[in-house]
Amino acid sequence: MKEITGYPSIDKPWIKYYKEDSKIELPQETIWSEIFQNERNKKRIALEYFGVKISYEKMRLEVDKCAAALLATGLKKGDVVNMCVSSCPEVIYIILACSKLGMMANFINPFFTKEQKADRLNDTNSEHLFVMDKMVPYIVGVIEKTKIKNIIIIPATNSLPLLSLKKDKMLKKIPYNYSLWREFISNGYDRNSITPIPYEKNMPLVMVYSSGTTGASKGIVLTNDSINATARMEYPVMGSEDPTTFLQIIPIWFSTGVSLSILCVLLFGWTAILEPQYSQENFAKAIKKYKPMGVLGTASLWDYAITSRELKRVDLSFLKMAFSGGEPLSVNMEKQINQFFRNHNCMCYLRKGYGQCELGGTVTLAPNECDNSGIENVGIPLPGVTISSFDMDNDNEVKYGNLGEIRVISPARMLHYYMRPDATADFCYVDKTGKRWCCTGDIGYVANDGKVVILGRTSQSFVNEKGERVYLFKTKHKLLEIEEIRRCEIVNTIVDGKNTIAAHIIIKEGTSEKKVLMKANEKMLKLKPSERPKVFKFRTEFLLNAASGKCDLESLKKEKNGFVSPDGKSVEL
């Protein structure tokens, strides 16, 4: 076992959340070995999928069958297994079989452009691609541009008891030769003759991708070690020896979806409830249907859930752990969610977290012992993690409370960007002592009590006509101080060659737009003229970006109608 020590900042004295000798032990094992070596878990339920429950014992049998079938295709240690899928039991079998065989599972984001998907597939030099039947349309027009020769279709209903024998209409339209999952499995060798690959340090297991919204998408390689580290860091602050059910709805092509919501859950010996369709409606419906003890959602999902018809009269006393991450959560929104919990008999508090795919998914988490509503932070660093802020002009580490770029040292960080040594080098900063920090691109600070505050992205800014750098998050945070505003997004759009700041706002039910505008104008007096919105738009919802699952800021920039000026007059951009 390898010991890892981490602190919330390198400044002394050490704050109350961690002692100087705080350590976590990292197992030198593959994920496959870690999950299945615990004999007591055999009869526990590992996966639940549309009501079908699969035990750890059954899952191991299916993983072994899958490993045998992968070898039968000619794949070997070090190869890449490509997938364009959502979450279902068969996909979990593939990941764990890859861990057993020393292969890497590559998750292609189905919402990438055809060119992005073709490029990412060609990077791997693999001829094999697993596709969920419902995602067949996302690969049509892509395969012709790749080296893919062997397509295996995973029916979404394969693990369900009433499997339809008729071919899906979608499959009839696919213009390629393919085989179905059951054919693939039937071609496997004797599963009992397969020897697991011994543990090796930094052996790749999963590859997910950056969003590609600000440039070419980059493959983020996570290893058995980084995922084991994520689990070991998370367990002291959220672990339970008792069997726990955890709802997975974050798409599996993000590290939060595959590592945090599935693999860590299995490493804990819990049950992962798989919800393959990511949407606000399904989030609320799945909570009502499955009554999970734990769930992770974005701010957009929680915002919908507390106003949804589905949860209006639901007793939430079953919910013991509720987490939010992936996008900013305002103080007011957090208060509303926690009040909703109290009103529905839920005794836990919503716990904010922060991280990136490159960092294994998460590096901070709010403590669970109290209500943190009204405190602007994303929690404290997890055990084994070091976080600080740096002056971007000279790379000097700044002290508590001082603004800078958030940089992180974490044992759960990625191995590298796949085939992108230049981008990997840019992501990392090595200080004078030899410590390797990951540069997040987020602006924030570490408070005196060790809590981490994230204000926004370095990219959420622009240089105005006077040459001044304007940070949009300053405007957003000021508007979110208004109690009547539920959610707010600030974008900069070019109108007649000039920068125009637009505020998109969702207000509480029963609140007048006139009242909110009046309060907004008062708040804006505390900002520089260059930071004040030129127009406002009141709306009932924000669209989600299909590729990232977060608020679609790019679509907001393109909107031209429905705006009002600060004095309430209708405006078109």
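What's counted below: heavy atoms across the whole structure, side chains too, no hydrogens, waters or symmetry copies.
- The heavy-atom pair separating Ile197 from Gly102 by the smallest distance is CG1-N, 3.8 Å.
- Side chains of Asn82 and Thr124: a donor on one and an acceptor on the other come within 3.5 Å.
- Panel note: side chain Asn150, backbone Glu127; no donor-acceptor pair is recorded below 3.5 Å.
- Between the side chains of Glu397 and Ser388, a donor-acceptor pair is found at a separation under 3.5 Å.
- Glu405 and Thr458 are not linked by any side-chain donor-acceptor pair at a separation below 3.5 angstrom, with hydrogens and angles left out of the test.
- Shown here for Val142 and Ala118, the closest heavy-atom pair between the two residues is CG1-N, 3.8 Å.
- Taking NZ from Lys100 and OG1 from Thr195, the interatomic distance works out to 8.5 Å, rounded to the nearest 0.5 Å.
- Distance check: Leu553 CG to Glu489 CD gives 5.0 Å after rounding to the nearest 0.5 Å.
- The aromatic ring centroids of Phe107 and Tyr209 lie 6.0 Å or more from each other.
- Interatomic distance, Ile227 CD1 to Ser259 OG, rounded to the nearest 0.5 Å: 4.5 Å.
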side-chain contact (heavy atoms from CB on, under 4.5 Å) evaluation trace for Val221 with Met414 | CA-CA 5 Å; Val221 178; Met414 67 175 182; 5.6 Å; no
Could you check Leu160 against Val52 for side-chain contact (heavy atoms from CB on, under 4.5 Å), going step by step and ending with a plain yes or no?
-> CA-CA 7 Å; Leu160 303 183; Val52 173; 3.8 Å; yes
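- Put simply, CG on Leu47 and CG on Leu266 are 6.0 Å apart, with the number rounded to the nearest 0.5 Å.
- Glu200 places no side-chain N or O within donor-acceptor distance of the main-chain N or O of Asn202, the cut-off being under 3.5 Å.
- With sequence neighbours excluded, the residues forming a salt bridge (Lys or Arg N to Asp or Glu O under 4.0 Å) with Asp123 are Arg120, listed by chain and number.
- The main-chain N or O of Pro110 is found under 3.5 Å from a side-chain atom of Lys117 such that the two form a donor-acceptor pair.
- Each of Glu234, Arg232, Glu34 was evaluated against Leu267; a single residue qualifies, Glu34, per the side chain to side chain contact (heavy atoms under 4.5 Å, CB included) test.
- A donor-acceptor contact shorter than 3.5 Å links the side chain of Ser99 to the backbone of Trp32.
- A salt bridge links Glu115 with Lys145; the closest basic N to acidic carboxylate O contact falls under 4.0 Å.
- In this structure, Tyr138 has its ring center under 6.0 Å from that of Phe111.
- Between Tyr178 and Tyr176, the ring center distance fails the sub-6.0 Å criterion.
- A cation-pi arrangement is absent between Arg351 and Phe323 under the rule of less than 6.0 angstrom and at most 45 degrees off the ring axis.
- Taking every heavy atom of both residues into account, Pro155 and Leu180 meet most closely at CG-CD2, 4.3 Å.
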Decide yes or no on salt bridge (Lys or Arg N to Asp or Glu O under 4.0 Å) for Glu554 and Lys558, but give the supporting numbers first.
-> CA-CA 7 Å; Glu554 292 304 311; Lys558 298 174 183 177; over 6 Å; no
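- In this structure, Phe184 has its ring center closer than 6.0 angstrom to the ring center of Phe130.
- Asn282 contributes no side-chain N or O that, together with a main-chain N or O of Ser279, makes up a donor-acceptor pair within less than 3.5 Å.
- There is a side-chain donor-acceptor pair under 3.5 Å between Ser300 and Glu327.
- Proximity of a side-chain donor or acceptor of Glu275 to a complementary backbone N or O of Gln277 within less than 3.5 Å is detected.
- Here Tyr354 contributes atom OH and Ile380 contributes atom CD1; the two are 16.0 Å apart, rounded to the nearest 0.5 Å.
- Going from atom OG1 of Thr157 over to atom CD1 of Ile154 covers 11.5 Å, rounded to the nearest 0.5 Å.
- Side-chain contact, Lys557 with Asn492: no donor N or O sits under 3.5 Å from an acceptor N or O.
- The heavy-atom pair separating Ser461 from Tyr471 by the smallest distance is CB-CD2, 3.6 Å.
- Each of Asp431, Asp391, Asp395 was evaluated against Arg407; a single residue qualifies, Asp395, per the salt bridge (Lys or Arg N to Asp or Glu O under 4.0 Å) test.
- Residue Met83 is tested with Ile108, Val91, Asn106 for a side chain to side chain contact (heavy atoms under 4.5 Å, CB included); the sole match is Val91.
- Inspection of the Glu90 and Ser159 side chains reveals an N or O donor paired with an N or O acceptor under 3.5 Å.
- Counting non-hydrogen atoms of other residues, nucleotides and ligands closer than 6.0 Å to OH of Tyr304 gives a total above 12.
- Val85 approaches Ile252 most closely through the heavy-atom pair O-CG2, 3.8 Å.
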Given Tyr429 and Phe390, is the side-chain contact (heavy atoms from CB on, under 4.5 Å) satisfied, shown in steps?
-> CA-CA 11 Å; Tyr429 163 69; Phe390 286 74; 4.0 Å; yes
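- When atom types are taken as modelled, the side chain of Ser389 and the backbone of Ile406 share no donor-acceptor pair closer than 3.5 angstrom.
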Before giving the answer on side-chain hydrogen bond (donor to acceptor under 3.5 Å, both in side chains), spell out for Asn125 and Lys147 the whole-Å C-alpha distance, their side-chain angles and the decisive distance to 0.1 Å.
-> CA-CA 7 Å; Asn125 286 314; Lys147 304 171 185 177; 2.4 Å; yes
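- Side-chain atoms of Ser33 do not come within 3.5 Å of backbone N or O of Thr30 as any donor-acceptor pair.
- Side chain of Ser261 to main chain of Val258: no donor-acceptor pair is present (N/O by atom type, distance under 3.5 Å, no hydrogens or angles).
- At a threshold of 4.0 Å, the pair Arg420-Asp422 counts as salt-bridged, since one of the basic side-chain nitrogens sits closer than that to a carboxylate oxygen.
- Closest approach of Ala67 to Leu101, counting heavy atoms only: O-CD1, 3.5 Å.
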Cys438/Leu359 under side-chain contact (heavy atoms from CB on, under 4.5 Å): CA gap, chis, key distance, verdict | CA-CA 8 Å; Cys438 298; Leu359 299 171; 3.6 Å; yes
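- Of the possible donor and acceptor atoms, one in the side chain of Gln460 sits under 3.5 Å from a partner among the backbone N and O of Arg457.
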